[in-house]
2 protein chains.
Amino acid sequence: MLHTTDHVVENVLRASSDAPSHAGAIEQIAAVGRARLLTAGTTVHRAGELFRSVFLLRSGATKRLLIQEDGREQILGFQMPGDLIGLESIHARTHSTTVVAMDLCSVIEIPYDALEALALENAEVRKLLFQRLGMALREEYGWMAALGQMNAEERVAAFLLDLSRRFAARGFSPRRFMLRMTRAEIGCFLGLTLETVSRVFSRFQRSGLIRSDRREIELLDLNALARLALATSAAPLN
Amino acid sequence: MLHTTDHVVENVLRASSDAPSHAGAIEQIAAVGRARLLTAGTTVHRAGELFRSVFLLRSGATKRLLIQEDGREQILGFQMPGDLIGLESIHARTHSTTVVAMDLCSVIEIPYDALEALALENAEVRKLLFQRLGMALREEYGWMAALGQMNAEERVAAFLLDLSRRFAARGFSPRRFMLRMTRAEIGCFLGLTLETVSRVFSRFQRSGLIRSDRREIELLDLNALARLALATSAAPLN
DNA sequence: CGGCGTATTGAACGCAGTCAATAGCTGTGG
DNA sequence: CCACAGCTATTGACTGCGTTCAATACGCCG
């Protein structure tokens, strides 16, 4: 009941992603791949590994991270069903980031050769690949602005609204959802500590902006949150 | 003598960029475009504008920025000769960022139609477009990690090393170069204030890491700087 | 029940921001 | 030629937001 994963599996086919593209192309891509099941904690791909495949996330949730030599790590984003994983390494030799399954994930591995062959004959697929790459870059720009300019409350608001928007794009409620990640992971993504994230959640709850009970979140005042997170990341320009 | 722009014009043909691609493809792309000259302060493209063209920077320097509704702005990166501008908006309706010339810039405007036609018949060009997009995304990941995890000194060190690496890739000295941007712009890029940037420069100079005289920078101890900026942004993994 | 991971909350500290004063460089006009 | 304005950079003093350290509570699963 509380798990959204199963629903996602059913919904991903019609609301494959927030990409402004036809579902057709993504299904054609999926058709040339092979399904894999990943348990929580296993990697989709790892930094330094040779690039061989792109992955389509069908169900579950993953996080992308960059691990520094000194051990510090930065979470670069969270992926949802319908997202393509590893696209940024196309025509590079190796992966530069690591993507880890946060729970049981169903992915479709699309070997690079098959993807290129498909892209060669299919204009829709070519278009989708560029769209997704460009979209990822534009989203990253938004988060860079968030980390560069916003204070803790604004970052958390932008984060919640981003999740809301992405859930909505997949046919789920934009007001009520389950967080798949810990406070520490949210902090690691937003450049904050887990304590600060927790404090902001509490503050938001006291001011009536959200209702938060551990991983369960309800956004009570989307407008107020949006006012806090004026940043572009929450409301993409394109 | 102190201006590097002229030299860049001569050098761009053989060291077109830090992209791991043949110069051939970039020249073929340039061939289908039309040269334009932009004075300092004018825009290459503006957020919200319809996407029509990609631009190849031939000489000069530009900055990409995201302007929030509340007026705050974040600099997302600085472009150097050989860089492609606007690629992230391919197959999107509009541009989401603004790119501004920081001095006299020579760019080649490549209309989208011409670029697509070229990409259709030329595998090298297709490959280059994916490489550049992926590279931009991976660099952005590095800067996101910098803003999320690094303190002021580490960020400035990473910034200087990134410039150094990019100048070197274009055939210039990696140890001695001119900054094209003000302290305020560096700060805006790194999520710091201009005062903090200035203080870090002074501290680096006192510790013998750099020699800095207004816009002129000499990196005296690249190793020490690299130790500060362990982050991936300065030393790409791929 | 007890142990472990996760979350909340408090108190004190410190890094970077803010405010402010000064200096230096550049170009302009008297 | 110097005076002056405007922009850029440097440096100091103080403040404050978010971190750090620490204690406690909560939930889940053996």
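Here is how names work: the chains are called A, B, and so on, in the same order as the sequence lines, proteins then strands, and each is numbered from 1.
- Residues meeting the side-chain hydrogen bond (donor to acceptor under 3.5 Å, both in side chains) test with A:R64, sequence neighbours left out: A:E88, A:T97, B:Y141.
- For A:R36, the side-chain hydrogen bond (donor to acceptor under 3.5 Å, both in side chains) partners two or more places apart in sequence, or in a different chain, are A:E109.
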Pick out the pairs of N or O atoms, protein on one side and nucleotides 25-30 of chain D on the other, that lie under 3.5 Å.
none

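- The ring-ring contact (aromatic ring centres under 6.0 Å, His included) analysis of residues 51-72 of chain B, with sequence neighbours excluded, yields the pairs B:F51-B:H95, B:F51-B:Y112.
- Looking at residues two or more places apart in sequence or on another chain, you find a side-chain hydrogen bond (donor to acceptor under 3.5 Å, both in side chains) between A:Q74 and B:Q149.
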**Prompt:** Could you go step by step and tell me if A:R72 and B:E154 meet the salt bridge (charged side-chain N to carboxylate O under 4.0 Å, His left out) rule?
**Reply:** CA-CA 13 Å; A:R72 284 187 291 190; B:E154 294 169 329; 3.2 Å; yes
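- Ranking C:dT9, C:dT8, C:dA16 by closeness to the B:A152 side chain, first place goes to C:dA16.
- Partners of B:S106 under the side-chain hydrogen bond (donor to acceptor under 3.5 Å, both in side chains) rule, at least two apart in sequence or in another chain, do not exist in this structure.
- Proximity of residues 187-200 of chain B to DNA chain D (heavy atom under 4.0 angstrom from any strand atom) is restricted to B:L194, B:E195, B:S198, B:R199.
- Taking the side chain to side chain contact (heavy atoms under 4.5 Å, CB included) definition, one finds that A:T193 meets it with A:E195, A:T196, sequence neighbours left out.
- Going from atom CD1 of A:I186 over to atom C1' of C:dA7 covers 11 Å, rounded to whole Å.
- Counting to the nearest Å, the P atom of D:dT10 and the CZ atom of B:R206 are 11 Å from each other.
- B:F204 has its CZ atom 13 Å from the P atom of D:dT10, to the nearest Å.
- Counting non-hydrogen atoms under 4.0 angstrom, B:R215 reaches the backbone sugars and phosphates but no base.
- The nearest whole Å value for the distance from the CG atom in B:N151 to the C1' atom in C:dG17 is 15 Å.
- When rounded to the nearest whole Å, the span between CZ of B:F201 and P of C:dG24 equals 20 Å.
- Rounded to an integer number of Å, the gap from B:E216 CD to D:dA9 P is 14 Å.
- Side chains of B:L219 and B:F177 form a contact here, defined as non-hydrogen atoms less than 4.5 Å apart.
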Which side-chain N or O atoms in residues 206-214 of chain A pair as donor and acceptor under 3.5 Å with protein atoms at least two apart or in another chain?
from   : atom 1 : to     : atom 2 : distance (Å)
A:S207 : OG     : A:R203 : O      : 2.5
A:R211 : NE     : A:E218 : OE1    : 3.1

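- Protein atom CZ of B:R183 is 19 Å distant from nucleotide atom P of C:dA23, rounded to whole Å.
- Spacing between atom CD of A:Q205 and atom P of C:dA7 amounts to 14 Å, rounded to whole angstrom units.
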